[in-house]
A.B. asks: 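Next up is a structure, given as structure tokens.
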Amino acid sequence: MAPVAALYDIHGNLAALEAVLAEVPDDATIVVGGDICAGGEQPSETLTRLRGLGDRVAWLRGNADRELYPGEPGLAPPEFLDEARSKLSEEEIAFLHDLPPTQRMGDVLYCHASPRNDLDIFTERTPEERIAFLFEDLDVATVVCGHTHMQYERPIAGVRVVNAGSVGAPYEEEPGAYWLLDLEHRRTPYEGAELTGTREEAVAKFTDLGL
């Protein structure tokens, strides 16, 4: 089988995306796991680069993609969305809004936040009893998610749950672009890489917001 690369939460960071694409095998399927454009300096260029990859890409919609469309409820701050809208065409915003919420490849389900929606927040420390219901009756062995910008892996309700981390805006301890290749965590250094924050900061933040 061809390898599968999962690139989540790029957030308009073209430099990070290019660094990762340089390491993705030429024959790999590329799962783009949502939150593609908003938040970075080059949202349109990032989307154009990914669309140029053609049928290699399996797309997912994240909350920050959906919320670019007028009237969509969600989590992203208005100024965050307004900045991205000013740099994207109506066609690009409509393209992002119309992406599917999940992709299934064999016994792996790819989603942005949880199998239920693109907003659910949990971390590696969230008690299993609070989130087990999200992973029951899925008929898959593995779920890949993102949304919280931290790589981890944990079992939940008998399902292997792998967070891909964030290509463009990670909460980690070392700068770089974080992604998956065949469900294995990867980190790609690149010039100018910065952290959005540390894991401890993110866990504290998301514990307050999460399930």
A.B. asks: Under the side-chain contact (heavy atoms from CB on, under 4.5 Å) test against Asp120, which residue among Cys145, Pro115, Ser114 passes?
C.D. replies: Ser114

A.B. asks: Kindly indicate whether the side chain of Val143, heavy atoms from C-beta on, has any atom under 4.5 Å from the side chain of Val162.
C.D. replies: no

A.B. asks: Kindly say whether His149 contributes a backbone atom to a donor-acceptor pair with the side chain of Ser166 at under 3.5 angstrom?
C.D. replies: no

A.B. asks: The test is side chain to side chain contact (heavy atoms under 4.5 Å, CB included); show your working for Leu195 and Tyr171 and say whether it passes.
C.D. replies: CA-CA 6 Å; Leu195 292 173; Tyr171 288 108; over 6 Å; no

A.B. asks: Using 0.5 Å steps for rounding, measure from the CD atom of Glu124 to the CZ atom of Arg154.
C.D. replies: 8.0 Å

A.B. asks: Are the side chain of Glu128 and the backbone of Ala157 linked by a donor-acceptor contact shorter than 3.5 Å?
C.D. replies: yes

A.B. asks: Would you check if the side chain of Arg199 reaches a backbone N or O of Gln151 as a donor-acceptor pair within less than 3.5 Å?
C.D. replies: yes

A.B. asks: How long is the straight-line distance from CG of Leu96 back to CD of Glu67, given to the nearest 0.5 Å?
C.D. replies: 12.5 Å

A.B. asks: With the side chain counted from C-beta on, respond yes when Leu180 and Val144 share a heavy-atom pair under 4.5 Å apart, and no when they do not.
C.D. replies: yes

A.B. asks: Out of curiosity, Asp35 CG to Asn63 CG, how far, rounded to the nearest 0.5 Å?
C.D. replies: 4.5 Å

A.B. asks: Shortest non-hydrogen contact from Ala38 to His11?
C.D. replies: O-ND1, 2.6 Å

A.B. asks: Is the backbone of Leu14 close enough, under 3.5 Å, to the side chain of Glu45 for a donor and an acceptor to pair up by distance?
C.D. replies: no

A.B. asks: Measure across Pro170 and Gly168 and return the closest heavy-atom pair with its distance rounded to 0.1 Å.
C.D. replies: CD-C, 3.7 Å

A.B. asks: For the residue pair Arg51 and Thr48, establish whether any side-chain heavy-atom pair is separated by less than 4.5 Å.
C.D. replies: no

A.B. asks: Do Phe95 and Glu90 have side chains that approach each other closer than 4.5 Å (heavy atoms only, starting at C-beta)?
C.D. replies: no

A.B. asks: Using the rule given for side chain to side chain contact (heavy atoms under 4.5 Å, CB included), can you reason through Val31 versus Trp59, listing the C-alpha separation, both sets of side-chain angles and the distance that settles it, and then say yes or no?
C.D. replies: CA-CA 6 Å; Val31 178; Trp59 299 87; over 6 Å; no

A.B. asks: Please assess Arg85 against Glu79 for the test salt bridge (charged side-chain N to carboxylate O under 4.0 Å, His left out), listing each intermediate value before the final yes or no.
C.D. replies: CA-CA 10 Å; Arg85 289 188 191 107; Glu79 63 274 12; over 6 Å; no

A.B. asks: Among side-chain atoms of Ser44 and Glu92, is any donor-acceptor pair under 3.5 angstrom?
C.D. replies: yes

A.B. asks: Quick one: OG1 on Thr46 to CD1 on Ile36, what's the gap to the nearest 0.5 Å?
C.D. replies: 9.5 Å

A.B. asks: Going by heavy atoms in the side chains, are Lys87 and Pro43 under 4.5 Å from each other?
C.D. replies: yes

A.B. asks: What I want to check is whether the side chains of His97 and Glu72 have a donor and an acceptor closer together than 3.5 Å.
C.D. replies: yes

A.B. asks: Work out which heavy atom in Tyr110 is nearest to a heavy atom in Ala6; give both atom names and the distance.
C.D. replies: CE2-CB, 4.2 Å

A.B. asks: Taking atom CD as the centre, does Glu91 end up with more than 12 heavy-atom neighbours from other residues, nucleotides or ligands that are less than 6.0 angstrom away?
C.D. replies: yes

A.B. asks: Side chains of Glu172 and Tyr178: closer than 4.5 Å at any heavy-atom pair?
C.D. replies: yes

A.B. asks: Take Met105 and Val140 through the side chain to side chain contact (heavy atoms under 4.5 Å, CB included) test and state the conclusion after the steps.
C.D. replies: CA-CA 10 Å; Met105 298 182 183; Val140 292; over 6 Å; no

A.B. asks: How many angstroms lie between CD in Glu136 and CG in Leu138, if you round to the nearest 0.5 Å?
C.D. replies: 8.5 Å

A.B. asks: If only atom types and distance count, is the side chain of His112 paired as donor or acceptor with the main-chain N or O of Gly33 below 3.5 Å?
C.D. replies: yes

A.B. asks: Counting distance only, does the side-chain N/O of Arg187 pair as donor-acceptor with the main-chain N or O of Pro175 below 3.5 Å?
C.D. replies: yes

A.B. asks: Go through the side-chain N and O atoms of Thr148 and Asn163 and say whether any donor and acceptor fall under 3.5 Å apart.
C.D. replies: yes

A.B. asks: Within the 4.5 Å heavy-atom criterion, are Tyr190 and Asn13 side-chain neighbours or not?
C.D. replies: yes

A.B. asks: Of all the heavy-atom pairs spanning Ala19 and Thr188, show the shortest one and how long it is.
C.D. replies: O-CG2, 3.7 Å

A.B. asks: If you look at every heavy atom in Pro3 and Asp182, which pair is closest and at what distance?
C.D. replies: CA-OD1, 3.3 Å

A.B. asks: Is any side-chain N of the basic residue among Glu153 and Arg160 closer than 4.0 Å to the acidic one's carboxylate O?
C.D. replies: yes

A.B. asks: Using the rule given for side chain to side chain contact (heavy atoms under 4.5 Å, CB included), can you reason through Arg49 versus Leu53, listing the C-alpha separation, both sets of side-chain angles and the distance that settles it, and then say yes or no?
C.D. replies: CA-CA 7 Å; Arg49 180 71 170 94; Leu53 297 172; 3.5 Å; yes

A.B. asks: Quick check against the 3.5 Å criterion: does Glu184 have a side-chain atom that pairs as donor or acceptor with the backbone of Leu181?
C.D. replies: no

A.B. asks: Is it the case that atom CG in Asp137 sees more than 12 heavy atoms from other parts of the structure closer than 6.0 Å?
C.D. replies: no

A.B. asks: If you define the side chain from C-beta out and look only at heavy atoms, does anything of His147 sit under 4.5 Å from Asp118?
C.D. replies: no

A.B. asks: Which distance, rounded to the nearest 0.5 Å, do you find between the CH2 of Trp179 and the CG of Leu21?
C.D. replies: 8.5 Å

